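Below is one structure, written out as structure tokens, with a few remarks after it.
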2 protein chains.
Amino acid sequence: MTTDTNLKKRISESTIHRLSMYFRTLSLLEKEGFDTVSSKELAKREKLTPAQVRKDLSFFGSFGTRGLGYDVGELKGKIAEILGINRVWRIAVVGIGNIGSALVSYKEFTRQGFHIVKLFDNDQRKIGSNHKGITVSDIQNLEKEIRDANIEMVILTVPATVAQYMVDDVVRAGVKAILNFAPINLKVPPDVYLRNENMSMELEYLSFAIMNNHTPKNVR
Amino acid sequence: MTTDTNLKKRISESTIHRLSMYFRTLSLLEKEGFDTVSSKELAKREKLTPAQVRKDLSFFGSFGTRGLGYDVGELKGKIAEILGINRVWRIAVVGIGNIGSALVSYKEFTRQGFHIVKLFDNDQRKIGSNHKGITVSDIQNLEKEIRDANIEMVILTVPATVAQYMVDDVVRAGVKAILNFAPINLKVPPDVYLRNENMSMELEYLSFAIMNNHTPKNVR
DNA sequence: AATTACATGTGAATTGCTTCACAAGAAATA
DNA sequence: TATTTCTTGTGAAGCAATTCACATGTAATT
Ligand SMILES: NC(=O)c1ccc[n+]([C@@H]2O[C@H](COP(=O)([O-])OP(=O)(O)OC[C@H]3O[C@@H](n4cnc5c(N)ncnc54)[C@H](O)[C@@H]3O)[C@@H](O)[C@H]2O)c1
Ligand SMILES: NC(=O)c1ccc[n+]([C@@H]2O[C@H](COP(=O)([O-])OP(=O)(O)OC[C@H]3O[C@@H](n4cnc5c(N)ncnc54)[C@H](O)[C@@H]3O)[C@@H](O)[C@H]2O)c1
């Protein structure tokens with residue numbers, strides 16, 4: 001393990017999230033026909049400081065040209081590399097209900113390299129049905145099918161009551177990253193990454209903000 | 001404006017998010033039959049330090065009993081008050097597509113006081129149709145209907161291409177909080193709160209984590 | 001009533017993140 | 001080629017968030 005790799009362990013979550021933002025904005029700038037962009041312009045579009053943009057990038061190398069700025073296409077490529085999105089990720093969705101099937105229909109994921117290739121449910125009425133060309137598999141076959149299909153990430157959209165059981169199954173199948181939508185604290189082994197998408201939390205934040213005239217520094 | 005109000009302006013976004021987490025865990029503890037809970041136990045369930053829990057709460061008052069801990073029901077009530085969720089929020093969903101209709105079906109929101117009472121779309125095939133007992137209104141009537149229904153929050157689930165126009169309309173209608181699902185940087189006046197729900201960003205974070213063996217301090 | 005055990009609430013210390021400020025380098029201009 | 005203009009990359013400074021550590025207080029026990 002090199003020093004560089006150790007370095008990356010210190011990158012903050014905020015920095016990663018901002019890299020995602022830069023990536024999206026760079027795609028937009030590319031479409032708008034810009035060849036280069038300064039940290040100042042990038043910062044303006046994200047409501048950040050130019051120093052923040054430069055510092056974030058500096059953790060990974062130096063990608064700009066002094067006096068000129070960054071080459072839009074090049075920087076976009078570098079960030080894709082950093083984020084690991086210059087490749088295809090094979091994903092399974094577990095729980096094909098309201099939210100699960102909405103996610104399956106979302107073409108933008110595919111365009112970004114997040115390929116949903118397997119769907120699982122335990123409801124006999126859903127098993128065998130077709131969503132955007134993918135047949136819903138029986139949850140009973142989860143482990144084998146996940147392994148056979150080389151799935152590395154799972155989007156979990158089952159009821160909170162069964163979410164932990166499904167996580168355990170998914171982990172057993174060798175999946176290393178889970179995006180969970182159930183409002184519950186899940187346990188995963190240390191080598192499995194778990195992110196929670198919690199919409200109620202965001203509504204609660206808005207509620208607090210209105211009630212208290214909240215004005216924090218950085219709002220996502 | 002009192003000193004207390006000014007105080008609240010300094011509360012960090014992380015603290016608010018943790019209050020949401022505490023609230024959910026307290027609800028669970030209540031169901032599990034616990035009368036009291038210590039900062040230690042609460043912290044354990046959230047993977048935080050006890051000091052963090054106590055510090056978060058200390059910004060708003062002192063709710064515990066030394067030697068004993070916090071009364072579960074009481075603390076839950078206090079946090080509900082702080083977050084402003086001890087009341088009903090009237091919400092409209094704009095854009096009744098894949099994700100919009102999934103959200104409308106989500107009963108948990110209602111249980112938490114987030115009442116979705118109006119739906120809007122611009123598609124003639126959707127206008128007039130019924131979702132969970134609510135008729136989809138024509139987006140043309142947005143301003144009047146939002147005002148008449150006393151809507152204070154909007155969930156925005158329209159394509160990114162039209163999201164800014166819809167925000168402008170919604171702001172004009174007097175809405176003070178927006179939860180946006182379109183992957184785009186929206187502009188709102190300073191007195192309107194905007195939160196973005198960005199699922200791609202979470203997948204990108206997972207991608208980065210796998211590729212770099214990322215081990216940050218606090219993971220959501 | 002005294003003692004023990006336990007857990008809060010909070011200044012102080014520490015850690016982490018953001019912003020500052022400027023030397024250094026590249027491009028454009030004269 | 002020299003000069004001006006512009007913008008990066010980065011240590012240092014400043015600020016914000018987290019954790020420490022303990023005085024204080026309550027309840028349970030003897
Ligand atoms: N719908 C929303 O807008 C929304 C919003 C926020 C959070 N969530 C959360 O997302 C999750 C899914 O919500 P939903 O509204 O789509 O619910 P849903 O009931 O529509 O979908 C859940 C799906 O999971 C399947 N399922 C149940 N047990 C299973 C198992 N053991 N194995 C495999 N599949 C199983 C069900 O058959 C169903 O198809 C829930 O945890 C919910 O709390 C939903
Ligand atoms: N589906 C997902 O899983 C998902 C995931 C992440 C983000 N998003 C984002 O959420 C948004 C909605 O996605 P979706 O998949 O539900 O799309 P969708 O096309 O299914 O739904 C969009 C809805 O908005 C309506 N609409 C379009 N223009 C409108 C206007 N001017 N006024 C009112 N309504 C209008 C359409 O008629 C449609 O019903 C998009 O911005 C998308 O990028 C979706």
Side-chain angles (χ1 to χ4, degrees), chain A residues 3-4 6-19 21-22 26 29 34-72 74-75 78-79 82 214-220, chain B residues 6-19 21-22 26 29 34-72 74-75 78-79 82 214-220:
Chain A
T3 310
D4 190 42
N6 284 327
L7 212 80
K8 285 188 184 175
K9 293 202 179 192
R10 312 211 166 202
I11 303 300
S12 76
E13 191 185 318
S14 324
T15 291
I16 310 305
H17 274 146
R18 284 191 299 267
L19 288 181
M21 291 161 58
Y22 304 152
L26 287 165
L29 284 164
F34 290 90
D35 292 332
T36 60
V37 65
S38 64
S39 59
K40 194 176 163 190
E41 173 64 20
L42 216 39
K44 196 182 135 208
R45 295 199 177 215
E46 313 289 357
K47 294 201 187 115
L48 301 169
T49 63
Q52 179 78 82
V53 173
R54 296 200 299 275
K55 180 65 83 179
D56 283 338
L57 296 174
S58 78
F59 295 132
F60 303 96
S62 44
F63 310 119
T65 308
R66 285 162 201 240
L68 187 62
Y70 302 91
D71 180 281
V72 171
E74 191 185 310
L75 184 58
K78 291 288 184 189
I79 293 180
I82 294 164
H214 194 234
T215 49
K217 279 300 280 306
N218 298 303
V219 180
R220 271 202 311 156
Chain B
N6 283 328
L7 211 80
K8 285 188 182 173
K9 293 202 179 193
R10 313 212 166 203
I11 302 301
S12 76
E13 191 186 319
S14 324
T15 291
I16 310 305
H17 273 148
R18 284 191 298 267
L19 288 182
M21 291 161 57
Y22 304 151
L26 287 165
L29 285 164
F34 290 91
D35 292 331
T36 60
V37 66
S38 65
S39 60
K40 194 177 164 190
E41 174 63 20
L42 216 38
K44 195 182 137 209
R45 297 201 176 211
E46 313 290 357
K47 292 198 188 120
L48 300 169
T49 63
Q52 179 77 82
V53 173
R54 296 200 299 275
K55 180 67 83 178
D56 283 337
L57 296 175
S58 78
F59 294 133
F60 303 96
S62 44
F63 310 117
T65 308
R66 287 165 200 237
L68 187 63
Y70 303 91
D71 180 280
V72 171
E74 190 186 309
L75 184 57
K78 291 288 183 189
I79 293 180
I82 293 164
H214 193 234
T215 48
K217 277 300 279 309
N218 298 304
V219 178
R220 272 202 308 157

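For clarity, every value in this text was computed on a predicted model and none was experimentally measured. Numbers restart at 1 for each chain; the letters A, B, ... are given by sequence-line order, proteins then strands.
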Whole angstroms only, please: what is the [atom1]-[atom2] distance between [X] and [N]?
X	N	atom1	atom2	value
B:L48	D:dA17	CG	P	15 Å
A:E41	D:dT8	CD	C1'	16 Å
B:F59	C:dG9	CZ	C1'	12 Å
B:K44	C:dA7	NZ	P	13 Å
A:I11	C:dT18	CD1	P	11 Å
A:D56	C:dT18	CG	P	7 Å
A:K55	D:dC15	NZ	P	16 Å
A:F60	D:dG9	CZ	P	14 Å

Looking at [N], I'd like to know if its phosphate oxygens (OP1 or OP2) sit under 4.0 Å from a side-chain N or O belonging to [X].
X	N	value
B:Y70	C:dC6	no
A:R54	D:dG9	no
B:S39	C:dT8	yes
A:S62	D:dT8	no
B:R18	D:dT18	yes

*Contact letters for nucleotides 24-30 of chain D, in which S counts primed atoms plus P, OP1 and OP2 and B counts the base, heavy atoms under 4.0 Å*: BBB----
Atom pair [atom1]/[atom2] of [X] and [Y] - distance to nearest 0.5 Å:
X	Y	atom1	atom2	answer
A:K44	A:S38	NZ	OG	9.5 Å
B:R45	B:L26	CZ	CG	9.5 Å
B:E41	B:L29	CD	CG	6.5 Å
B:L48	B:R54	CG	CZ	12.5 Å

_Would you say that B:L42 contacts B:L75 through its side chain, given a criterion of any heavy-atom pair below 4.5 Å between the two side chains?_
yes
Side-chain donor-acceptor distances from residues 56-72 of chain B under 3.5 Å, at least two apart:
residue: B:D56; atom: OD1; partner: B:T15; partner atom: OG1; Å: 3.0
residue: B:D56; atom: OD1; partner: B:R18; partner atom: NH2; Å: 3.0
residue: B:D56; atom: OD1; partner: B:Q52; partner atom: NE2; Å: 3.4
residue: B:D56; atom: OD2; partner: B:R18; partner atom: NE; Å: 2.6
residue: B:D56; atom: OD2; partner: B:Y22; partner atom: OH; Å: 2.6
residue: B:S58; atom: OG; partner: B:K55; partner atom: O; Å: 2.7
residue: B:D71; atom: OD1; partner: B:G73; partner atom: N; Å: 3.2
residue: B:D71; atom: OD1; partner: B:E74; partner atom: N; Å: 2.9

*When all nucleic acid strands are considered with a 4.0 Å heavy-atom cut-off, which category describes B:T15: base, sugar-phosphate, or nothing?*
nothing
*Please tell me which of B:V37 and A:S14 maps to the more 5' nucleotide of DNA chain C, matching each residue to the nucleotide holding its nearest heavy atom.*
B:V37
*Considering all heavy atoms, the nearest B:P50-B:A43 contact*: N-CB, 3.5 Å
*Given D:dT8, C:dT19, C:dT18, which nucleotide is nearest the side-chain atoms of A:S38?*
D:dT8
